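Just dropping this structure here.
Everything numeric in this text was worked out from a predicted model, so none of it was measured.
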Amino acid sequence: MSVLSDDSSKIDFFDLFPFAVLNPQIAMLSYLKVGEKMAQQPKKMEAAQQDLLDRLIELQKNFVKDVCKDKNDDDDCINLEYNEKNKKFEDNPFENHPVMKFTKQFHDTVADWLLTTLDDVDNVDDRTMHSARFFLKQYIDMMSPKNFPFLNPDFLQKTMDTYGENIRAGMEMLANDIKNGAITTNDRSKFKIGENIAITPGKVIYQNDLIELIQYTPTTEKVYAKPFLFVPPWINKFYILDLTPEMSFVKWLVDKGFTVFMISWVNPDKRHRNKGFGNYITEGLIDSIDKIHEITKSKSLHALGYCVGGTLISALLAYLANPACVRRPKAQIESATLLTTLLDFDQAGDMAIFMAENYLDAINAQLKDRGYLDGQIMFNTFSALKANDMIWRYFVDSYMLGKKPIAHEILFWNSDPTNLTEAMQKFLSKDLYRDNLLKTGTLKILDVPLNLKLINTPIYMISMEKDHLVPWKATFDGMKLFNSNIRFVLGGSGHVAGSINPPQRNKYCYWVNEGTVETAAEWFETATKIAGSWWNDWLKWITPMMGEMVAPRQIANFLRDAPGIYVNNRIGE
């Protein structure tokens, strides 16, 4: 992809910025389209300019009042007490300085005006408006005064307190992150896979080019007769479902008598470039089900798919529901749990921004050379979607204040991305995100069209209220693509924190609705809010389908101990 619109330019964006994700060309194209519409609405734009002028005049008046306020008024004065022992002010003298307050108020005022003015432009198509608003929000976040050293009160105070030591420490961390191509978000030295994270006992019982299949060691005297399979996303490592023992979904199930299996996807390289969605179904899901049947002799199992893992399960169910299906697993999927799973990609949220043709052209140039999409680009893309939390927070804390990131198990997992094969990247970006073929029923796997309406399997759909990757209203609409017995539940928090929410933590909440409604808004308005983890509701739903209690299946033949070798293959290794 050319950085410039001139076809004669041969400069590749990812050659110039190998870890960049926010291509300014995409933003410029969006703003040109919005600007064209603005030019056709002169009266509205004139009113907007007057609105900005009025806001700035009011802001200026408040600034003058703040500077010239009566110093005898104790309520208005800044009370600073000097602590001789610590040789510093008890309060940050910069925090309430008129200039600091003015810059923050100026930023907030202009930011609100920009967003309001953009939203008020008529006759802009939804995709262009979404893109323009996304990039505008990125710009607003970037220009926050806190991101500039001499406009950040904490930086100024820290510099005084440490005699500039924070600057030295920050520059060291910045140099290291530039070398590594990513912002450090956590202290990785505190975790080691297989030692204090992903440590639920188990064995790798099967391996092929795409997966290792893990069977976890039973811990109860009796187990449910029907096995359970976790299908994690292949754009991240599986151990999000098996973090520390206190945060492990796997351990929670094993301790309740479930016979648990887990797919661990390979971190692909050039050798896997042609492995696409169909391969992930056959070599991933079907091979796993066949092996589980061989071990347990059960004619059915239950499966949970997280994120695109749920999309994969849904596609397999649609494939099996078609009479033209030619390859069937030896056991059937008796129920499916779709955890933050997108099926209708019309409402893909901010991820749709990165599916523009300009981005895909740049990505395809890299795929042609490498055979895979570098997982570091995926990591930086996800970080850009939550820039304040995943970029600017660490920009300030690490580079300006000199604070080293703390150890955090979820952030450890988040900073351990995987590559995407060329075939899979093209499938996700074009067939799903761009063309939405799964919704239209025109997507084919092994030459068999997939129609979700043919599925009769009981389904539990759980989405998260603040999910920025898989918007819950989109998953609600995706539910309508099925013709199954579906229980839809909405959890609190976001894509990861809301999903990995053990009951003993007593965090967040979830919503249920036993009624029949048509829209997501109506569903939420009439839903019942319940404190605690959705795991409890899900357990009540699935337990009656798990069968009788039997003697545990002891693991006889295996390749190696869990968590296996695929999970330890990090980017760059």
Where the side chain of Asn152 meets the backbone of Pro145, is there a donor-acceptor pair that is under 3.5 Å apart?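 No, the answer is negative, given that no donor and acceptor are paired below the 3.5 Å cut-off.
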Results of side chain to side chain contact (heavy atoms under 4.5 Å, CB included) for Lys270 - residues two or more places apart only: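 With sequence neighbours excluded, Lys270 shows a side chain to side chain contact (heavy atoms under 4.5 Å, CB included) to Arg273, given in chain and number order.
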Does this structure show an ion pair linking Arg133 with Asp119, if we count only N-O contacts that are shorter than 4.0 Å? yes
SB check Arg560 Glu212 (cutoff 4.0 Å): yes
Under 3.5 Å, side chain of Trp535 to main-chain N/O of Ser499, donor-acceptor pair present?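 Flag set: sc Trp535 to bb Ser499 pair under 3.5 Å.
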Under the criterion ring pair (Phe, Tyr, Trp, His ring centres under 6.0 Å), I'd like the reasoning laid out for Phe102 against His107: C-alpha separation, chi angles, the key distance, then a yes or no. CA-CA 8 Å; Phe102 174 79; His107 171 268; over 10 Å; no
So does Lys404 pair up with Asp187, basic N to acidic O under 4.0 Å?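 Salt bridge flag = no for Asp187 with Lys404.
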Pair Tyr566, Gln207: side-chain N/O donor-acceptor within cut-off below 3.5 Å: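 Result is yes, a qualifying pair exists.
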Applying side chain to side chain contact (heavy atoms under 4.5 Å, CB included), can you list everything that pairs with Arg271, at least two apart in sequence or on another chain? Asp269
Answer yes or no: is there an ion pair linking Arg55 with Glu58, defined by an N-O contact shorter than 4.0 Å?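 Result for this pair is no, no salt bridge flagged.
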Quick one: does Ser30's side chain have a donor or acceptor within less than 3.5 Å of a partner on Ser131's backbone? no
Checking side chain to side chain contact (heavy atoms under 4.5 Å, CB included) for the pair Phe379/Ser415: CA distance, chi angles, key distance, verdict? CA-CA 7 Å; Phe379 170 74; Ser415 61; 4.1 Å; yes
Judged by modelled atom types alone, do Gln157 and Asp161 share a side-chain donor-acceptor pair under 3.5 Å?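 Distance-only check passes for Gln157 and Asp161.
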For Asp242 and Lys251, what are the C-alpha separation, side-chain angles and deciding distance, and is it a salt bridge (Lys or Arg N to Asp or Glu O under 4.0 Å)? CA-CA 7 Å; Asp242 184 29; Lys251 184 179 186 303; over 6 Å; no
Sidechain-backbone polar pair: Thr421 side chain, Met424 backbone, donor-acceptor under 3.5 Å: yes
Step through the shown structure and confirm whether more than 12 heavy atoms of other residues, nucleotides or ligands are within 6.0 Å of NZ on Lys403.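 At most 12 heavy atoms, drawn from other residues, nucleotides or ligands, come within 6.0 Å of this atom.
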Do you see a donor-acceptor pair shorter than 3.5 Å between the side chains of Asp177 and Thr184? yes
Residue from Ile167, Asp154, Leu401 passing side chain to side chain contact (heavy atoms under 4.5 Å, CB included) with Thr159: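 So the option named by the test is Ile167.
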Test side chain to side chain contact (heavy atoms under 4.5 Å, CB included) applied to Tyr239 and Trp413, step by step: CA-CA 7 Å; Tyr239 62 87; Trp413 165 84; 3.6 Å; yes
